[in-house]
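Each remark here refers to the structure printed beneath this line.
Quick note: numbers below take in every heavy atom, side chains included, and nothing from hydrogens, waters or symmetry partners. Everything numeric here is computed off the predicted structure, so don't read it as measured data.
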Amino acid sequence: METAMNRRAFLGLTAFGALAAGAGLVGCAPQASNASAGEALGETGEGSAEGIKRKEGSETKQCDVAIVGAGAAGLMAAMNLARGGKKVVVIEAGPSAAISNFSMCGGPTACETKLQAQENATVTLDQIFTYMNDFSRGSVNSALLRNCLAHTGQAIDAMLDPGIGMELIPDTYGVGFRGRHYFMEDGEGRTAPIVADIESNGGEFLYNTRGEKIIMENGKVTGVQTDAGVDVLAPAVVVCTGGFGGNEEMQIEKLNTTVFPLGSTISDGTGINMVLDAGGAWDRNFAVLGNECGAVSKATTNPFTEDWHNTNEHLGYWLFGGLYTDPVGERFISEGKIAQFPLAVGGEALLRAGKAYLIIDDDYYQAVQNEGIYAYLGEPEAWIAGPEAGYYNVTPENGEAHLQEAIEQGWAVKADSIAEIAEAFDLPALEKTVEAYNGYCEKGVDEEYGKEAHFLKAVKTPPFYAFEYVPSCWSTNGGVKVDSHLRAVDKENKAIPGLYVAGVDQGSVYSVPYYTNEGSSVGLALGSGAYVADEILNA
């Protein structure tokens with residue numbers, strides 16, 4: 001496989017141009033959530049007792065199933081339901097289905113697919129379930145996890161039918177199996193065939209239309225109120241609006257920090273608030289699908305170039321396993337784990353720290369630009385992601401200009417001593433941390449966190465450099481609680497009749513941190529869409 005292809009698979013998301021063309025997307029700060037849901041419940045869903053105001057529509061549409069959101073879960077649910085003979089109406093806030101995170105993601109993990117069989121690389125349900133369930137350590141609904149995974153192969157094969165190209169990629173992070181299916185089409189090329197399939201079977205899309213409220217009568221779902229003055233009446237509703245990456249207030253409430261949205265900010269927690277308003281309850285797990293391209297700074301507006309380099313190349317160091325500290329200047333993790341699993345461990349580590357600081361000396365700084373990080377570390381075979389991480393080396397032609405930009409923007413410092421860096425960023429423990437770290441480097445043994453020896457590079461040669469990074473994510477994972485059949489449950493764990501939640505709006509199948517097998521977020525979203533369709537068809 002060509003290097004460019006490996007790199008795009010390593011990135012995990014590909015259609016940046018398509019998404020950036022939409023409204024309220026990449027490079028934007030999180031937006032305020034839908035006014036109706038936000039005003040009544042509060043941005044975090046914890047607000048006033050009266051809930052979201054009921055405003056009867058001037059028009060009604062009748063259907064069997066109303067689906068709120070046309071991302072991975074919504075499209076897969078709609079396709080299977082329409083094929084199964086159900087009248088489906090899909091309510092989508094964007095101008096098309098090509099505006100969702102699904103339209104730009106690299107591709108899903110899945111098991112028992114046609115592509116795996118063709119390459120004699122089948123991942124069994126038992127294999128992937130055991131890996132992910134063990135990783136979750138009992139923190140997810142195991143029955144739901146298995147049910148969703150059991151439908152991932154069906155979802156992949158269903159997308160192959162209308163001509164959506166996919167390729168089974170190598171085991172990028174060394175988890176022991178090839179689950180990731182890489183999309184060959186981006187944006188409309190990926191979503192249009194699914195939309196056409198749905199419409200050919202009688203499905204209907206309401207674009208530029210937000211769901212506002214789940215309509216309930218006598219404790220049962222009867223439809224969805226929209227902001228377009230249309231009530232979509234149905235005995236079953238599936239909510240799958242893509243999480244809360246575009247809602248700062250909900251981020252602070254559930255993640256204890258704001259997170260720069262790399263994906264669609266249209267996903268602003270509206271669907272979650274709708275379910276809470278209908279009597280649903282929060283689940284407990286909240287995580288992010290992190291940034292495997294590096295990090296972002298407080299000054300970042302547009303993080304990537306057209307060829308997926310960081311717009312400031314000094315943001316790539318987050319992938320390299322150097323010396324990272326928290327806001328007081330102390331180490332907080334084995335940095336090698338971030339280098340090995342940037343999506344999962346890297347995203348969670350930076351989220352937990354709130355912001356982090358990379359500290360390097362001139363030897364490291366010059367080596368990354370001239371040798372490249374993988375060569376500088378001795379090309380360690382144990383660093384599975386190392387060759388691809390080198391795509392984010394700082395280049396000699398951009399290094400100094402990008403450094404000056406970072407210094408002027410206030411997220412980088414170049415100094416002759418560690419003490420100066422400590423003062424500049426108010427890191428009172430930094431000098432002690434660097435002294436101890438240099439001792440570990442001399443011994444070749446990290447006595448604090450057990451970081452692999454190949455990542456241990458002393459910080460001794462002036463000038464010294466520090467870079468401040470803040471959290472970013474492609475999407476949030478975590479939301480309302482559902483049972484093993486994807487039915488929303490109330491605070492007494494009783495299913496709400498007719499109300500289903502799929503994708504990342506439900507929090508019962510996503511672990512903290514994000515699973516280490518790549519493609520898990522969209523894979524589970526697609527699997528949940530196929531699974532919820534089966535549940536409704538067989539009800």
Query raised in the report: Does the side chain to side chain contact (heavy atoms under 4.5 Å, CB included) test come out yes or no for Thr191 and Ser103, once each step is laid out?
Result: CA-CA 6 Å; Thr191 60; Ser103 72; 4.0 Å; yes
Using only atom types and a distance under 3.5 Å, with no angle test, would you say the side chain of [X] pairs donor to acceptor with the backbone of [Y]?
X	Y	result
Asp277	Asn273	no
Thr122	Thr124	no
Thr152	Cys111	yes
Glu185	Gly165	yes
Gln225	Ile214	no
Gln506	Arg487	no
Asp64	Lys86	no
Asn101	Ser264	yes
Asn80	Met76	yes
Asp231	Leu233	no

Approximate separation, where rounding is to 0.5 Å, of [X] [atom1] and [Y] [atom2]:
X	Y	atom1	atom2	answer
Asp268	Glu249	CG	CD	10.0 Å
Ile67	Ile91	CD1	CD1	9.5 Å
Ser508	Arg284	OG	CZ	10.0 Å
Asp157	Lys114	CG	NZ	5.0 Å
Lys355	Thr257	NZ	OG1	9.5 Å
Cys473	Glu348	SG	CD	11.5 Å

Minimal non-hydrogen separation, [X] against [Y], with atom names:
X	Y	answer
Ala287	Leu255	N-CD2, 4.3 Å
Ile338	Gly346	CG2-CA, 3.7 Å
Ile52	Met274	CD1-CA, 4.2 Å
Tyr510	Asn285	O-ND2, 3.1 Å
Val522	Ala72	CG2-CB, 3.9 Å
Tyr207	Gly94	CB-O, 3.5 Å

Is there a side-chain contact between [X] and [Y] in this structure, where contact means two heavy atoms from C-beta onward sitting under 4.5 Å apart?
X	Y	answer
Ile194	Ile198	yes
Arg210	Val68	no
Ser484	Asn147	yes
Phe177	Gln127	yes
Leu160	Met166	yes
Phe304	Leu262	yes
Val288	Ser475	no
Ser96	Phe205	no

Check [Y] with [X], please: is the shortest side-chain N to carboxylate O separation under 4.0 Å?
X	Y	value
Arg178	Glu119	yes
Asp197	Arg83	yes
Asp283	Lys254	no
Lys61	Glu204	yes
Lys494	Asp490	no

**Report entry** Steps toward side chain to side chain contact (heavy atoms under 4.5 Å, CB included) verdict (Ile536, Asp534)
**Finding:** CA-CA 5 Å; Ile536 293 171; Asp534 279 359; over 6 Å; no
Requested in this report: Apply ring pair (Phe, Tyr, Trp, His ring centres under 6.0 Å) to the pair Trp474 and Phe260, showing each step before the final yes or no.
Outcome: CA-CA 9 Å; Trp474 295 107; Phe260 183 92; 9.8 Å; no
Query raised in the report: Using a distance-only test with no angle check, is there a side-chain donor-acceptor pair under 3.5 angstrom linking Thr172 and Glu518?
Result: yes
Report task. State whether a side-chain donor-acceptor pair under 3.5 Å links His485 with Asp483. Result -> no
Query raised in the report: Aromatic rings Phe102 and Phe183: how do their planes relate, parallel, tilted or perpendicular, breaks at 30° and 60°?
Result: perpendicular
Query - Derivation and outcome, side chain to side chain contact (heavy atoms under 4.5 Å, CB included), residues Thr109 and Ile128 - result: CA-CA 9 Å; Thr109 195; Ile128 195 169; 3.6 Å; yes
Report task. Evaluate side chain to side chain contact (heavy atoms under 4.5 Å, CB included) for His181 paired with Leu115, printing each intermediate quantity in order. Result -> CA-CA 8 Å; His181 293 67; Leu115 289 178; 3.7 Å; yes
Requested in this report: Evaluate whether atom CG of Asn256 has more than 12 neighbouring non-hydrogen atoms of other residues, nucleotides or ligands under 6.0 angstrom away.
Outcome: no
Query - Those residues that, when tested against Tyr514, pass ring pair (Phe, Tyr, Trp, His ring centres under 6.0 Å) (two or more places apart) - result: none
**Report entry** Set of ring pair (Phe, Tyr, Trp, His ring centres under 6.0 Å) partners for Tyr531, sequence neighbours left out
**Finding:** His151
Requested in this report: Mind jotting down which residue pairs meet the salt bridge (charged side-chain N to carboxylate O under 4.0 Å, His left out) criterion with at least one end in residues 135-150? Sequence neighbours excluded, please.
Outcome: Asp126-Arg146
Query raised in the report: Are Lys491 and Trp282 in a cation-pi contact, defined as NZ or CZ under 6.0 Å from the six-membered ring centre and within 45° of the axis?
Result: no
